[in-house]
Every structure is written in C-alpha cells, then in structure tokens.
Amino acid sequence: MTEKILRNTLLALLIAACALVCASCKGQDRVYPETYEELDGLRAGCMTGSIEEDAILNNFPNSPIQYFNAKSDMLEALTTNKIDYYVNSLIANRNVLEETDEVKMIDVPVYDNDYAFIFKKDDKDAKALMEQFNEFVIKCREDGTLDELEKVWVDDAKVTKHPPVFSIPKNGENGVLTLATSTSMIPFAFIYNEQITGFDIQVASMFCEAYGYGLQFTDSDFAGIIPAVSSGKADFGAGCITVTEERAKSVDFSEPYSQSHQYPMVANKDAVKGGLAGVAESFKKTFIVENRWKLICSGLLVTILITLSAAICGTALGFGLFMICRKAGPGFNKVVDRFSWVFSGLPMVVILMILYYIIFAKSSISGTVVASIAFSISIMLGVNSKLKTAVKSIDKGQIEGALSLGFTDTQTLFNYVLPQAMTQFIPNYLSALIELIKGTSIVGYIAVQDLTKASDIIRSRTYEAFFPLIATSVIYLLLVIALTTVLNNIVKKMEPKNRSDEEVLRRFGK
C-alpha cells in the first residue's frame with residue numbers, strides 16, 4: 001500500500017513537472033501596449049456580469065474578450081500572457097499597483113459609472129427597505145459622511161493593509177438583514193483577519209445600526225450577487241455594482257453612494273523579477289499575513305463537512321433506495337432510472353444553483369446545507385445504480401444454493417451476494433467519492449466558503465496564484481490518498497475469500 005501511494009505521489013510530481021515545462025514553452029508573443037490607441041484588437045479580459053464588458057465593447061470593438069469570475073483571475077491571466085489588458089476601476093487598480101509591479105495602468109479613463117446597492121424588484125418589503133436606505137444615503141451625502149468614507153476607503157490605496165475598525169450589528173429590533181456581496185471586490189468588500197470589511201460593508205453596517213437592523217452576509221462570486229437578491233436569498237446586495245439599464249430590469253437600484261472611473265491595465269515590461277526573495281515574500285503574504293492560513297483551515301473543514309455528510313447520507317439513502325427497488329415493481333424502478341438519467345445529465349454547478357436560487361430561494365437553509373443535499377442525492381443515485389450492477393454480476397446458482405440451504409432472501413443478500421458484489425462495487429464507489437471531494441470545489445457558486453473559495457479569497461488579496469493554488473491542490477491530493485487508503489482496507493476485510501464457509505454458517509447456527 002505504501003509502495004502504491006509513493007508511486008502515485010511520484011506520478012503526480014512528474015505531471016506537475018511536465019506542466020511547468022509546458023508553461024515555460026513559448027506561446028503568443030507578449031505585447032506591451034503603452035497608449036490607449038494600441039489596445040483595440042488586443043486580447044481583453046473582464047469579469048462575468050460586470051460593466052467592464054460595455055467599456056471594452058464601446059472603446060475597443062475589435063478586441064476579443066475573455067471572461068473571468070474574479071479580478072485576481074484577470075490579473076493572473078494578464079501577467080501570464082493569457083490576455084493583453086483588462087479594464088477596471090481606478091480604485092481597484094490602485095490596490096493592485098500597491099501589491100505588484102508586474103502591471104501598470106494606462107492613464108486614460110474609458111468609462112465613468114455610479115455604484116449603488118441593489119434590492120429585489122417588484123417587492124413591497126424590498127421597496128420599503130430601499131426607501132429607508134435611500135433616505136440614509138441622501139442624509140450621509142448631505143452631512144459629508146460619504147465624503148469622509150471616500151477619503152478613507154477610496155483615496156488611500158493602502159487602506160487594505162490597515163482598514164478602519166467599525167462595528168457590524170449582529171441583531172436589531174427590526175430583524176436581521178442579509179447582504180449579498182463578493183469579498184473579491186477590494187476595497188468595497190474583502191476579508192481582513194478572517195473578518196469581512198470594506199467600504200460597502202461599513203455603509204451597510206451604518207445603515208443597519210441607524211434603522212435598527214442586524215446584519216449578516218452571503219458571499220459569492222460577483223455574478224451571484226444579483227441572483228441572490230432577485231431570488232430573495234438576500235435582502236439587498238452590494239460590491240462595485242454599477243447602475244445600468246439592463247440590470248435595472250432585474251433589480252432596483254438605490255441612490256448612488258459612490259462614483260468611479262474605469263482604466264485599462266496592461267503588463268509592465270520593466271517589472272522586477274522576485275527571485276528567491278520574491279518567493280519567500282509570496283509565501284508570507286499567502287499564509288502568514290493576516291493569519292490567512294486560518295482561511296485555508298476553515299475552508300478545509302467546510303470541504304470535509306460537505307464531503308462526509310454527503311458520503312454518509314448519500315450512501316445510506318442509496319442503499320435504502322436499492323433495497324426498495326429490489327422489492328418494488330418495474331414502474332417504480334423506471335421512475336428512479338429516469339430521475340437518475342436527468343440528474344446525471346445536468347452539470348452539478350447548475351443543480352446547486354437551481355436548489356439554492358430557486359427551490360430553496362425562500363428558505364433560510366445555508367449554502368453548506370444545500371451543497372450537502374445536492375451531493376447526497378448524487379451519491380444516493382450512484383450507490384443505487386452501482387449496487388444494482390454489482391449484484392447482477394453474481395451467478396444466480398450461488399443465490400439458489402444459499403436459499404436451498406435454508407437461508408432467507410435477506411440472509412443470502414448480506415452473507416453471500418453483497419460480500420462478493422463488493423469487489424466490483426467498491427472500486428466504482430471509491431471513484432464516486434473521489435469525484436465528490438473534487439466536486440465540492442464548485443460550491444463557491446452558492447456562497448459557501450470551502451477550500452477552493454478560501455484560496456480565491458487569498459488570491460484576491462495577494463494578487464498571486466502560485467501558493468494558494470498549490471496549497472489547495474496538495475490538500476485535495478492528501479484527502480484523496482487518505483480516502484483511498486481507508487476504503488482499500490475495508491475492501492480487504494470484506495473480500496469473500498477471507499471469510500470461511502464455517503464462519504458464515506456459524507453466525508446463523510447452521
């Protein structure tokens with residue numbers, strides 16, 4: 001067993017080495033645009049669902065666009081020559097330039113926009129809440145509060161290193177509101193020392209405190225903010241959300257609370273390479289600064305929780321469904337088979353979003369529970385199907401022989417059929433559980449801070465990909481190795497040849 005693990009580990013290292021070699025191979029020639037006029041026709045990047053797409057289409061109509069789920073992904077694509085430029089707000093660009101010299105900004109604005117909070121459309125309660133919020137924003141604009149917040153969060157690019165401390169009301173006499181946001185939207189919403197903070201977060205906290213509300217958060221990708229609000233999973237949303245006519249068809253916008261200008265970011269040919277010192281600094285920023293290693297640990301616990309709950313519940317439900325199908329008629333089995341076909345035909349990320357934003361939209365069930373339910377159903381259907389296939393592979397003569405000796409149908413199933421079927425079932429079951437572990441990496445789409453989401457949060461703060469992604473990969477690999485080891489030991493103990501006929505007969509007094 002140790003030999004097998006070592007062999008697999010060496011194989012993984014070999015694959016990683018090959019990937020590094022491939023990455024070092026020459027791809028498309030790097031371009032270093034210096035002016036606004038040079039950008040049209042070059043490869044552009046923008047976030048999915050963001051206003052930057054319109055900025056690119058209006059200013060650089062000949063540029064092919066690649067879409068990303070996070071700003072850190074766009075930056076990584078730019079520094080690794082996957083794109084030639086992207087457009088982002090002046091505020092966000094300043095923060096990027098504070099962290100790295102690998103990129104620079106072309107000092108020509110391409111788009112001006114207003115930021116606002118969003119509320120559910122055509123909803124009486126949401127409209128009343130928005131009226132309160134608008135009243136609050138107008139008052140803060142008139143008394144200079146918004147200007148003071150702008151100076152703190154927008155004008156100082158170093159604010160993310162030492163953000164101001166403010167209180168977030170947990171409870172209120174008028175109930176608790178849920179704010180949908182994305183913690184990759186620096187400096188409007190981000191994680192600092194395991195706590196959510198930012199311009200939008202402070203504005204929301206001040207509003208809730210002034211009007212007697214508690215405040216809680218649901219964190220997702222930027223593209224998930226509007227669905228969370230329009231489906232009712234959140235009471236309002238924020239995170240660099242620009243007011244547009246298209247978005248106004250889905251949600252209502254509050255009074256604007258901030259303005260921004262969009263500027264292109266390009267690669268800097270004069271960037272200084274880090275060397276060993278740069279690697280050490282990258283490691284420090286990824287794991288040590290702000291105790292970011294704790295984000296990895298908390299994300300790992302969420303991943304393990306979802307995996308274990310889905311594996312245990314799904315396996316139990318799958319075995320129960322298998323037992324029911326054995327006694328049920330062909331009609332019931334046909335319904336189960338059809339449902340399995342439909343479920344397996346849909347991408348799991350789509351199933352997760354259907355459950356979270358539609359089926360459980362009005363429910364207070366957390367994303368973690370929704371993810372556990374979705375993966376439990378997947379494992380249940382898989383266990384049922386794999387058990388059916390494994391049991392059918394057992395020779396009917398053995399079943400008839402056991403029944404002729406006086407064993408009941410249930411005794412025959414558990415003591416002759418299933419032990420032999422396990423040799424075929426377990427390898428397939430192991431593959432399903434491995435896919436389950438890896439499949440949990442998509443739960444960030446429904447506001448679950450798992451291991452992969454924690455890595456994304458760290459990348460959004462450090463603007464570096466190497467250590468967060470490598471650490472995540474190693475942890476997933478270790479989880480797979482641990483699971484494989486446990487299940488292989490179980491298979492050995494259940495191997496039919498390791499159980500004598502006398503032992504089986506003795507258990508039933510034969």
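Throughout, numbering of the chain's residues begins at 1 and tracks the sequence. None of the values given here were measured: they were computed from a predicted structure.
- Judged by distance alone, the side chain of Ser363 and the main-chain N or O of Phe360 form no donor-acceptor pair under 3.5 Å.
- The side-chain contact (heavy atoms from CB on, under 4.5 Å) search around Thr48 returns Tyr67, Asn69, Ala223, not counting sequence neighbours.
- Closest approach of Ile365 to Lys233, counting heavy atoms only: O-NZ, 3.2 Å.
- Side chain of Thr181 to main chain of Ala238: a donor-acceptor pair is present (N/O by atom type, distance under 3.5 Å, no hydrogens or angles).
- Under 3.5 Å, the side chains of Asp200 and Tyr257 contain a donor-acceptor pair of N or O atoms.
- Checked by atom type, the side-chain pair Gln259/Asp114 shows a donor-acceptor distance below 3.5 Å.
- No donor-acceptor distance shorter than 3.5 angstrom exists from the side chain of Asn171 to the backbone of Gly214, with no hydrogens or angles considered.
- Rounded to the nearest 0.5 Å, atoms NZ (Lys82) and OG1 (Thr80) are 3.5 Å apart.
- Side-chain polar atoms of Asn113 and Gln262 form a donor-acceptor pair below 3.5 angstrom.
- Here OG1 of Thr100 is found 8.5 Å from CG of Asn268. Values are rounded to the nearest 0.5 Å.
- Electrostatic pairing of Asp456 and Lys453 does not count as a salt bridge here, judged by no charged N lying under 4.0 Å from a carboxylate O.
- Here the two rings, on Phe207 and Tyr211, have centers that are under 6.0 Å apart.
- Every side chain to side chain donor-acceptor pair (under 3.5 Å) that Ser184 has, sequence neighbours left out, goes to Ser182.
- Shown here are the side-chain contact (heavy atoms from CB on, under 4.5 Å) partners of Glu99, two or more places apart in sequence or in another chain: Lys161, Lys285, Tyr463.
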Mind listing the side-chain donor-acceptor pairs of residues 54-61 below 3.5 Å, one per line with the distance, residues two or more places apart or on another chain?
residue: Asn58; atom: ND2; partner: Asp54; partner atom: O; Å: 3.0
residue: Asn59; atom: OD1; partner: Tyr36; partner atom: OH; Å: 2.9
residue: Asn59; atom: ND2; partner: Ala55; partner atom: O; Å: 2.7
residue: Asn59; atom: ND2; partner: Val110; partner atom: O; Å: 3.0

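- Side-chain atoms of Asn384 and Leu317, non-hydrogen and from C-beta on, never get closer than 4.5 Å to each other.
- Note on Glu142 versus Lys139: no salt bridge recorded, every NZ/NE/NH1/NH2 to OD/OE distance being 4.0 Å or above.
- At a threshold of 4.5 Å between non-hydrogen side-chain atoms, the residues Met185 and Met47 count as touching.
- Looking at residues two or more places apart in sequence or on another chain, you find a side-chain contact (heavy atoms from CB on, under 4.5 Å) between Leu305 and Thr368.
- With sequence neighbours excluded, no residue forms a side chain to side chain donor-acceptor pair (under 3.5 Å) with Asp450.
- Taking 4.0 Å as the cut-off between side-chain N and carboxylate O, Lys120 and Asp125 do not count as a salt-bridged pair.
- At least one side-chain heavy atom of Ser298 sits less than 4.5 Å from a side-chain heavy atom of Gln449.
- Across all non-hydrogen atoms, the minimal contact from Thr242 to Arg247 is O-NH1, 2.9 Å.
- Defined by atom type and a distance below 3.5 Å, a donor-acceptor pair is present between the side-chain atoms of Glu38 and Thr35.
- The environment of Tyr445 atom OH is sparse: at most 12 non-hydrogen atoms of other residues, nucleotides or ligands sit within 6.0 angstrom.
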